[in-house]
**Q** 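Below are the structure tokens for one structure; questions will follow.
Just so we're clear, the structure is a prediction, and the values are computed from it rather than from any experiment. Below, chain A is the first sequence line, B the second, and so on; all start at residue 1.
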Amino acid sequence: MRIEYNFAFFDEGSKREIRRATLKAVAIPGYQVPFASREMPIARGWGTGGLQLTLSLVGKEDILKVIDQGSDESVNAVNIKKLIIKTTGIKVTDETSEATIIQSRHRIPEIPLQAGQILVLQVPLPEPLRYYEPSELETKKLHAEQEYSGAWLMLFEQIMNYGTMSTGADHPAMVHDRYVMAPSPIPRFDNPKLNHSQALILLGAGREKKVYAVPPYTRVESLAFEDFSFEVESFQDKCCGLCGAKGVFLDEILDDLTGETFHQCNDTSYCLQRLNQKSAG
Amino acid sequence: MGYVAVKGGIQAIEESIKRLKYERLKKGTVLDSQQIEGGMRCLIDQVMSESSLYCETLTAMAIKQAEGSPEEAVFLLRAYRSTLPRKHYSRTVQSEEMLVERRISSSFKEIPGGQILGAAMDYTHRLIDFDLNKETDDEAIKWVCEYALESGVDNDQTNLSNLPKTLDYLREEGLISTCEINYDEPDDVTKESLHFPTSRSQRLQILTRGQTGAVTSLGYAALRSYGALHPTVGELRIGNLPIYVDSPFLEQNEDGDAYYIGEIKVTEVETLFPEEIQKGNGEKEIEFDIGYGICYGQNETKAIAMSILDRCLEAANPEYPIHNEEFVLLHIDSVESTGFISHLKLPHYVTFQSKLDSVRKTKK
Ligand SMILES: [Zn+2]
């Protein structure tokens, strides 16, 4: 028994179905469109939503970049890339500006995305209201009625309890003044990049079977109060220990030998590109 | 430099995969997937049921590749299933047409057609049979031939392909309310994701492909204290069902036009739950409600548990978590639960860094 797989793994009917859901998502920014999420050769929770979007969109001419937590080389990014190459044979790249499709888990690259590019974000929990409402039937109603007081209350209580909004990553955002959206667990640092993005941003949740989108030039505002504004992670005056970059998202790294902490660009391809430029110039 | 995978991820993965192959082969023997197909009937049935893919040969290959892990084998088959175009739906299968191999009722001692024990572990002592260690192929073939001769002289004239349902008897007596046959096209949960409130066809599909352990545990919780009265198994039957597909070339398919494409073995269970019925005049009566379970292969515990959960979800009493369809249906799928739990092994350093920032800010 020996079987050859189709281009981009799925049968064509499946790809078409996913693209139909994607089109609906683009038409209603921030709205979670249910789709018949397929089981993939990688595990649920490991990026199957993003992977299904990528595979449904990819053509022979596409150039793909995959990153996980900012790194092109982390095991999961490598694994996803391997599967896509195996089933499509398309070209892959580490360079953000060269890619036509960028699939990412938990980061938006430091280099600004351009018109024509597609960013596919992997989403573990697409429902921004799940924190206080466990039922899917109820959250669906809340979205329909634009009843978001629970989300505001959640942030208000955090401020009252801790003196700050303690959301961490996945800070909820309002899309085009209509839907509150989970931006996926990107750091708050990346939330502003969603606003008026030149690139199409697609978000896929495989296990929860939802697709949603931020089309180019859509208004995306992180939830905050007039008298208590949204704050990104601060790295104060810290800079990258390798390339010296400031104003980027930094990883905090413990040196095994000295026991000291130092910082390094989280976006490894960005860091590498700067290092290469330096050595060339 | 700690956990940060800057370079070298590709090589590390290659080595890990090699190591996995080594673990599978290090004892110097290769497991033949035909042997799995021959000797691991129950595991094959369990994996096919959770995969919702009926193919013993493919399942045996998946079990070999998964080194016997049911969750991995199910994962492989489900992923493979995603690549298959869905060209036809079969005709509705009538379970009365089952060629019965085993059939029991715990409600009645005598049932029309009789109790048929068939093959079951229920009546064995669970003592490890150390003689199995010495079993040979020659002995096995000899035994099988002898058994065939012995069972060939059976004079029973029962027609096993058309046994009446035990529940029909109760229906005729008016102890189960009759219901119209529902001709609605069932929803296909693999073509369209669940939406709540669900239809019964959606519920039954999710339950039948649920992880055996999860379905059993939740069924047990309902039985023990969280929501169901003690049910009685009206009938449990195991056997083969013929599958027919309409001719795609004809506008109108008559009875004889369908193609027979094979048969599937299933376990089917109907359980009875006594239920109080309010009469118009303020009086009460007790009738029986039915819970329904059906699974690929011989999967008796799962099928019975499924019938309990089916009944619980129909009753939908808000007091019990097991009656809550979101609680049950969204958490019993093997691929989903194992996938999301195992994703905790992925690096989370961006999210953790972000949380760290928030935690530090609260300390200021
Ligand atoms: Zn750097």
**Q** Counting only heavy atoms closer than 4.5 Å, note whether A:Arg207 contacts chain B via side chain, backbone, both or neither.
**A**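 A:Arg207 touches chain B through backbone and side-chain heavy atoms alike.
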
**Q** When you check the gap from the basic side-chain N to the acidic O, do A:Glu252 and B:Arg360 get nearer than 4.0 Å?
**A**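 So A:Glu252 pairs with B:Arg360 through a salt bridge.
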
**Q** Evaluate the side-chain contact (heavy atoms from CB on, under 4.5 Å) criterion for residues A:Leu83 and A:Asn79: first the C-alpha distance (whole Å), next the side-chain angles of each, then the deciding distance (0.1 Å), finally the verdict.
**A** CA-CA 6 Å; A:Leu83 178 72; A:Asn79 225 357; over 6 Å; no

**Q** Given heavy-atom pairs under 4.5 angstrom as the criterion, report whether the side chain, backbone, both or neither of A:Asn266 touches chain B.
**A**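 A:Asn266 touches chain B through side-chain heavy atoms alone.
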
**Q** Could you go step by step and tell me if B:Phe340 and B:His331 meet the side-chain contact (heavy atoms from CB on, under 4.5 Å) rule?
**A** CA-CA 11 Å; B:Phe340 203 44; B:His331 302 111; over 6 Å; no

**Q** Go through the atoms of A:Leu257 and report whether side chain, backbone, both or neither lie under 4.5 Å from a heavy atom of chain B.
**A**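 For A:Leu257, no heavy atom lies under 4.5 Å from chain B.
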
**Q** I'd like to know if B:Arg19 and B:Glu15 make a salt bridge, using a cut-off of under 4.0 Å between side-chain N and carboxylate O.
**A**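 A salt bridge is absent here (no side-chain N lies under 4.0 Å from a carboxylate O).
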
**Q** By a 4.5 Å heavy-atom criterion (distance strictly below it), what part of B:Glu72 contacts chain A: side chain, backbone, both, or neither?
**A**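 Neither part.
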
**Q** Is any side-chain N of the basic residue among A:Glu17 and B:Arg86 closer than 4.0 Å to the acidic one's carboxylate O?
**A**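 Salt bridge: no.
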
**Q** What part of B:Leu356 gets within 4.5 angstrom of chain A, counting heavy atoms only: side chain, backbone, both, or neither?
**A**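 Interface part for B:Leu356: side chain.
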
**Q** Please flag which part of A:Ser14 lies under 4.5 Å from any non-hydrogen atom of chain B: side chain, backbone, both or neither.
**A**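 Contact with chain B involves the side chain of A:Ser14 alone.
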
**Q** Does B:Leu84 CG have over 12 foreign heavy atoms under 6.0 Å away?
**A**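 Above 12, so yes.
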
**Q** Can you tell me which portion of A:Ile186 sits under 4.5 Å from chain B's heavy atoms? Options are side chain, backbone, both or neither.
**A**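 Interface part for A:Ile186: neither.
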
**Q** Check step by step if side-chain contact (heavy atoms from CB on, under 4.5 Å) holds for B:Leu194 and A:Glu136.
**A** CA-CA 10 Å; B:Leu194 274 191; A:Glu136 173 73 16; over 6 Å; no

**Q** For A:Gln32, which of A:Lys209, A:Glu127, A:Glu208 qualifies under side chain to side chain donor-acceptor pair (under 3.5 Å)?
**A**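 Only one of A:Lys209, A:Glu127, A:Glu208 forms a side chain to side chain donor-acceptor pair (under 3.5 Å) with A:Gln32, namely A:Glu127.
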
**Q** Let me know if B:Thr83 has heavy atoms under 4.5 Å from chain A in its side chain, its backbone, both or neither.
**A**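 Both backbone and side chain.
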
**Q** Which atoms of A:Leu125 are under 4.5 Å from chain B, going by heavy atoms: the side chain, the backbone, both sets, or neither?
**A**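 Answer is side chain: those atoms of A:Leu125 sit under 4.5 Å from chain B.
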
**Q** Taking side chain as everything from C-beta outward and backbone as N, CA, C, O, which of these in B:Ile17 sits under 4.5 Å from a heavy atom of chain A? Side chain, backbone, both or neither.
**A**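 The side chain, not the backbone.
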
**Q** At a heavy-atom separation under 4.5 Å, does A:Gln69 approach chain B through its side chain, its backbone, both, or neither?
**A**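 Contact with chain B involves both backbone and side-chain atoms of A:Gln69.
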
**Q** Give, as side chain, backbone, both or neither, the part of B:Glu192 having an atom under 4.5 angstrom from any heavy atom of chain A.
**A**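 For B:Glu192, backbone heavy atoms alone lie under 4.5 Å from chain A.
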
**Q** Salt bridge check: are B:Glu50 and B:Lys302 linked by an N-O gap of less than 4.0 Å?
**A**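 Here B:Glu50 does not pair with B:Lys302 in a salt bridge, since their nearest N and O are not under 4.0 Å apart.
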
**Q** Given a strict heavy-atom distance threshold of 4.5 Å, which part of A:Phe249 is in contact with chain B: side chain, backbone, both, or neither?
**A**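 Interface part for A:Phe249: side chain.
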
**Q** Which bit of A:Lys82 is near chain B, if near means a heavy-atom gap under 4.5 Å: side chain, backbone, both or neither?
**A**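 Interface part for A:Lys82: side chain.
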
**Q** One pair to check against side-chain contact (heavy atoms from CB on, under 4.5 Å): B:His88 and B:Ile261. What are the steps and the verdict?
**A** CA-CA 11 Å; B:His88 308 280; B:Ile261 59 162; over 6 Å; no

**Q** Considering only heavy atoms, which portion of B:Arg81 lies under 4.5 Å from any heavy atom of chain A: side chain, backbone, both, or neither?
**A**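 Contact with chain A is absent: no heavy atom of B:Arg81 under 4.5 Å.
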
